[in-house]
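Accompanying notes for the structure given below.
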Amino acid sequence: MKKHPLWKDHEEQNNAIGQNHPGVFAASMLALTILIGGLLAGCAMLSSNYRRSLDVSRQFEDGEIVPGYDYYVSGPASKPLAIVAIRQDYRLESEHWRGIDLDSASLKALVKRISHVLNAEYKADQMIPNGARIVDADGTMVGMWYSVYDYSQVTFLDDKVIYISVALARMPPEVRIPLD
């Protein structure tokens with residue numbers, strides 16, 4: 001069977017490309033390495049402003065209102081996802097968080113609603129403490145975080161202005177939820 005004249009040109013182009021496979025492979029691997037590196041760096045940035053703290057977990061769980069801090073909550077009122085306390089000399093600018101006035105009893109009730117995750121295999125005392133200090137680039141504590149979920153991204157917009165992204169309902173790696 002005789003090949004069409006254009007098909008011959010096409011085969012020559014494929015051969016030329018075939019000779020360049022090592023370069024294409026190297027470029028693909030470089031792009032993949034850069035992509036994975038960027039993803040890992042992005043994940044690391046999410047937790048770079050947090051220092052996990054059992055003391056902060058206990059403060060929230062015991063309903064301890066820390067003087068000099070304003071409290072904010074993220075998520076629906078019926079099932080909040082996270083609560084943060086930000087130093088009063090800082091300002092939280094984020095559409096994902098709303099300020100709340102709390103006393104000790106209402107903080108305990110809020111923590112109880114945040115801490116309950118349907119079907120999760122709980123740690124001791126039916127709680128999954130995920131308290132953390134929120135720190136700036138110098139390591140100075142500017143706030144506190146409490147949630148059973150992973151940390152949200154913190155961005156410092158200005159010297160004393162903080163943006164915290166929406167609290168995500170994503171479980172920390174050590175928590176398993178049964179699939180049955």
Side-chain angles (χ1 to χ4, degrees), residues 41-180:
C43 291
M45 285 175 55
L46 283 179
S47 62
S48 66
N49 292 104
Y50 293 94
R51 301 293 180 269
R52 192 171 191 156
S53 170
L54 291 176
D55 291 336
V56 169
S57 290
R58 280 190 214 101
Q59 283 178 310
F60 278 104
E61 291 161 5
D62 293 343
E64 182 183 332
I65 304 293
V66 180
Y69 285 80
D70 292 322
Y71 287 76
Y72 302 86
V73 69
S74 179
S78 61
K79 178 61 179 110
L81 299 174
I83 184 170
V84 294
I86 303 295
R87 279 186 10 201
Q88 289 177 343
D89 58 332
Y90 281 78
R91 190 173 76 244
L92 177 64
E93 283 188 5
S94 177
E95 65 277 12
H96 307 295
W97 297 84
R98 62 189 177 284
I100 51 173
D101 291 321
L102 295 169
D103 59 17
S104 181
S106 59
L107 179 56
K108 281 183 182 180
L110 181 62
V111 165
K112 189 172 184 173
R113 285 199 321 266
I114 289 172
S115 299
H116 178 73
V117 179
L118 190 64
N119 294 328
E121 293 180 18
Y122 291 109
K123 293 181 181 179
D125 300 324
Q126 301 296 311
M127 303 288 270
I128 307 167
N130 195 16
R133 291 178 174 86
I134 300 172
V135 298
D136 65 11
D138 298 327
T140 303
M141 186 169 126
V142 299
M144 297 175 284
W145 163 274
Y146 185 88
S147 179
V148 295
Y149 300 111
D150 264 351
Y151 307 129
S152 296
Q153 183 175 357
V154 173
T155 305
F156 289 86
L157 302 175
D158 202 353
D159 190 34
K160 299 279 186 173
V161 181
I162 301 172
Y163 175 87
I164 302 177
S165 67
V166 65
L168 300 174
R170 180 180 61 222
M171 299 302 291
E174 66 270 10
V175 178
R176 296 182 332 201
I177 298 181
L179 299 175
D180 44 289

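Small disclaimer: the values here were computed from a predicted structure and weren't measured. We're numbering straight along the sequence, starting at 1.
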(request) Could you tell me whether D101 atom CG has more than 12 heavy atoms of other residues or ligands within 6.0 Å of it? (result) no

(message) Can you see whether H96 engages Y163 through a side-chain donor-acceptor pair at a distance of less than 3.5 angstrom?
(response) yes

(message) Between S53 and R133 (side chain of the first, backbone of the second, donor and acceptor by atom type, cut-off under 3.5 Å), is there such a pair?
(response) no

(request) Check for a donor-acceptor pair, side chain of R87 on one end and backbone N or O of M141 on the other, with a separation under 3.5 Å. (result) yes

(message) Ignoring hydrogens, what is the shortest heavy-atom contact between V154 and I162? Give both atom names and the distance.
(response) CG1-CG2, 3.9 Å

(message) Once rounded to the nearest 0.5 Å, what's the spacing between atom CG of L102 and atom OH of Y69?
(response) 15.5 Å

(message) Ignoring hydrogens, what is the shortest heavy-atom contact between S74 and V166? Give both atom names and the distance.
(response) OG-CG2, 4.3 Å

(request) Say whether, by atom type as modelled, one donor and one acceptor occur between the side chain of K160 and the main chain of R91 under 3.5 angstrom. (result) no

(message) Ignoring hydrogens, what is the shortest heavy-atom contact between Y50 and S152? Give both atom names and the distance.
(response) OH-O, 2.7 Å

(message) Quick one: does any side-chain atom of S147 pair with a main-chain N or O of L81 as donor and acceptor, under 3.5 Å?
(response) yes

(request) Mind checking the CD1-CG spacing from I100 to L107? Nearest 0.5 Å is all I need. (result) 7.5 Å

(message) Any donor-acceptor pair under 3.5 Å linking the side-chain atoms of E61 with those of Y146?
(response) yes

(message) So V142 and F156, do their side chains get closer than 4.5 Å, heavy atoms only?
(response) yes

(message) If I take atom CD1 from residue I65 and atom NZ from residue K108, how far apart are they, to the nearest 0.5 angstrom?
(response) 10.5 Å

(request) Side-chain contact test, heavy atoms from C-beta onward, threshold under 4.5 Å: evaluate it for V84 versus Y71 and give yes or no. (result) no

(request) Of all the heavy-atom pairs spanning P80 and L110, show the shortest one and how long it is. (result) CG-CD1, 3.4 Å

(request) May I ask you to decide if T140's main-chain N or O and D138's side chain share a donor-acceptor pair within less than 3.5 Å? (result) no

(request) Over all heavy atoms of both residues, which pair between W97 and I164 is shortest? Give the atoms and the distance, please. (result) NE1-O, 3.1 Å

(request) Return the minimal non-hydrogen interatomic distance between Q88 and D70, and the atom names on each side. (result) NE2-OD1, 3.3 Å

(request) Applying side chain to side chain contact (heavy atoms under 4.5 Å, CB included) between M144 and each of I86, I83, V66, I134, report the one that passes. (result) V66

